[in-house]
Amino acid sequence: MKNKNLIVGLAVVVLIIIGIIFVVKPLTSKKAVKKTPVAMKAEKGKPQIPAKKTFSKDMGGLTVKALDSKNKEISIKAKAFKSIDSKSSIYVASLVSGRMQELAPGNYDIEIDTAPQMIYKNIGVSSGKETVEDLGHLTGSINIKALNAKKKDASFPVRILHTKSNIVVTSTNTNMTIEISPGIYDVEIGTTPIQFKKDVKIEAGKEHVLDLGCTTGILTVKAIDENGKEARYTTRIKRVDNNGIVATGITNRAIEIQQGTYNIEVSSNPAQVKKDIKLNAGEEVSLEFTVQTPPPPPKAATPARTKK
């Protein structure tokens with residue numbers, strides 16, 4: 001009987017303990033204070049201590065930083081050359097701006113893959129330390145804007161050259177922004193005929209806009225024979241002042257050329273010329289030449305059969 005009472009007593013005690021656990025648990029969970037958005041924002045605003053960088057034995061590190069014309073940090077390739085003496089250096093490693101590259105201690109020349117490429121000299125690297133070379137605004141930019149004869153954005157080829165030379169720095173197209181090293185350049189726009197803009201200045205951290213507007217029109221030279229059919233001949237568009245050839249084409253095909261006054265020649269037999277033809281920007285001009293009906297092509301001779 002005593003054992004039975006003891007078992008019943010233990011069971012009651014266990015039930016009481018379980019009840020206490022279920023009552024206490026929700027109370028403690030309610031006491032847990034959730035972090036408010038303000039508190040979380042305050043935590044995020046705390047200055048983060050950068051992780052300490054480790055290096056291989058007897059090595060240091062180099063990080064190159066640079067900004068583009070829009071004041072944004074750029075990722076650009078570079079090469080590190082270790083200085084041997086005052087006249088020469090030897091290639092050691094490639095790196096990307098914004099990322100640390102391990103290097104042996106010494107002085108380095110850094111070749112940056114801009115257009116054109118730039119070299120920064122005598123950057124020191126020490127053992128166990130990271131050298132951060134901040135180049136600031138590394139590039140400026142240029143955008144050559146142009147409209148075609150139909151007053152829509154044109155995509156003419158563009159070459160940017162070192163001033164007073166034929167050495168090409170980089171190529172692009174009109175209505176495209178391109179990053180370029182600061183300097184003075186000549187710009188060649190591939191219209192017909194080619195346009196040149198001399199001594200264009202590019203400044204670090206700035207965008208230069210060269211707006212050409214609409215400078216071309218459309219010229220169609222038609223050749224019609226005595227039967228009213230289109231005839232195919234070569235055409236030559238020539239300057240008025242010196243009769244130099246500006247462009248060549250085929251009759252009955254439109255060609256987009258710069259505004260101006262031209263002499264138009266059709267290579268019929270005999271050749272025909274119309275002089276002082278004026279073409280304005282954004283306009284279409286159509287010329288018609290009457291030519292003789294070309295003779296039919298000669299028939300191919302039938303080879304004689306040999307008797308067996």
Side-chain angles (χ1 to χ4, degrees), residues 44-45 47-55 59-83 89-126 129-146 153 155-163 165 167-189 197 199-211:
K44 286 182 181 178
Q48 299 294 320
I49 300 172
K52 188 176 180 181
K53 293 183 178 177
T54 57
F55 302 91
M59 296 290 280
L62 173 64
T63 301
V64 175
K65 293 185 176 182
L67 301 174
D68 64 9
S69 62
K70 296 178 178 63
N71 206 37
K72 293 181 180 178
E73 190 168 335
I74 54 176
S75 177
I76 194 166
K77 293 180 181 179
K79 291 180 181 179
F81 295 80
K82 190 172 184 180
S83 298
S89 54
I90 188 169
Y91 170 76
V92 173
S94 296
L95 55 123
V96 176
S97 61
R99 299 180 190 174
M100 190 190 76
Q101 172 65 45
E102 263 198 350
L103 295 171
N107 289 332
Y108 291 86
D109 299 332
I110 306 299
E111 180 187 270
I112 309 294
D113 194 21
T114 50
Q117 293 171 324
M118 301 175 69
I119 295 176
Y120 290 81
K121 295 185 175 182
N122 295 322
I123 299 173
V125 175
S126 303
K129 294 182 180 179
E130 179 190 12
T131 298
V132 178
E133 189 71 18
D134 192 344
L135 305 179
H137 288 98
L138 190 62
T139 60
S141 65
I142 185 169
N143 186 356
I144 299 100
K145 294 187 175 182
D153 284 350
S155 184
F156 299 127
V158 172
R159 297 199 309 167
I160 298 175
L161 305 98
H162 288 289
T163 184
S165 78
I167 301 172
V168 178
V169 173
T170 188
S171 299
T172 182
N173 290 89
T174 51
N175 298 301
M176 290 181 64
T177 299
I178 184 171
E179 296 287 327
I180 189 169
S181 301
I184 296 176
Y185 302 96
D186 292 341
V187 178
E188 176 188 288
I189 303 99
K197 298 295 179 182
D199 299 329
V200 177
K201 186 177 182 180
I202 306 298
E203 298 181 75
K206 295 182 180 180
E207 181 181 12
H208 184 90
V209 177
L210 185 60
D211 196 343

(request) Would you indicate whether Lys145, at its atom NZ, is surrounded by more than 12 heavy atoms from other residues, nucleotides or ligands within a distance under 6.0 Å? (result) no
(request) Write down the atom of Val187, the atom of Val158, and the distance for their closest heavy-atom approach. (result) CG1-CG1, 3.9 Å
(request) Taking Asn175 for its side chain and Ala146 for its backbone only, find out whether a donor-acceptor pair lies under 3.5 Å. (result) yes
(message) How long is the straight-line distance from OG of Ser69 back to CD1 of Ile142, given to the nearest 0.5 Å?
(response) 11.5 Å
(message) If I take atom CD1 from residue Ile112 and atom CG from residue Leu95, how far apart are they, to the nearest 0.5 angstrom?
(response) 7.0 Å
(message) So Ile110 and Met118, do their side chains get closer than 4.5 Å, heavy atoms only?
(response) no
(message) Does any part of the side chain of Thr170, heavy atoms only, come nearer than 4.5 Å to the side chain of Tyr185, both counted from C-beta?
(response) no
(message) If you compare all heavy atoms of Lys79 against all heavy atoms of Ser94, which two are closest, and at what distance to 0.1 Å?
(response) CG-OG, 4.1 Å
(message) Once rounded to the nearest 0.5 Å, what's the spacing between atom CZ of Phe55 and atom NZ of Lys129?
(response) 10.5 Å
(request) Could you check Glu179 against Thr114 for side-chain hydrogen bond (donor to acceptor under 3.5 Å, both in side chains), going step by step and ending with a plain yes or no? (result) CA-CA 8 Å; Glu179 296 287 327; Thr114 50; over 6 Å; no
(request) Return yes if some donor-acceptor pair links the side-chain N/O of Asp199 with the main-chain N/O of Asp186 below 3.5 Å, else return no. (result) no
(request) Measure from the side-chain N and O atoms of Thr174 to the backbone N and O of Phe156, and report whether any donor-acceptor pair falls under 3.5 Å. (result) yes
(request) Keeping the roles fixed (side chain from Thr63, backbone from Val132), state whether a donor-acceptor pair exists under 3.5 Å. (result) no
(request) Taking all heavy atoms of Ile180 and all of Pro116, pick out the closest pair and write down the distance. (result) CG1-CD, 4.4 Å
(message) Using 0.5 Å steps for rounding, measure from the CD1 atom of Ile184 to the CD atom of Glu203.
(response) 9.5 Å
(request) Say whether, by atom type as modelled, one donor and one acceptor occur between the side chain of Thr177 and the main chain of Asn143 under 3.5 angstrom. (result) no
(message) How close do Ser97 and Ile74 get, counting heavy atoms only, and between which atoms?
(response) OG-O, 2.7 Å
(message) Is any side-chain heavy atom of Asn122 closer than 4.5 Å to one of Ser83?
(response) yes
(request) Quick one: closest heavy-atom pair of Ala80 and Leu103, and the distance? (result) CB-CD1, 4.3 Å
(message) Side chains of Leu161 and Val168, heavy atoms from C-beta outward: is any pair under 4.5 Å?
(response) yes
(request) Could you check if a side-chain atom of Ile160 sits within less than 4.5 angstrom of a side-chain atom of Ile202, using non-hydrogen atoms only? (result) no
(message) Nearest 0.5 Å, please: how far is NZ in Lys65 from CZ in Arg99?
(response) 14.0 Å
(request) Could you tell me whether the side chain of Lys82 and the main chain of Pro105 form a donor-acceptor pair under 3.5 Å? (result) yes
(message) For a 4.5 angstrom cut-off between non-hydrogen side-chain atoms, does Ser171 reach Arg159?
(response) yes
(message) For a 4.5 angstrom cut-off between non-hydrogen side-chain atoms, does His208 reach Lys201?
(response) no
(request) Return yes if some donor-acceptor pair links the side-chain N/O of Ser75 with the main-chain N/O of Gly98 below 3.5 Å, else return no. (result) no
(request) Please check if atom NZ in Lys70 has more than 12 non-hydrogen atoms from other residues, nucleotides or ligands closer than 6.0 Å. (result) yes
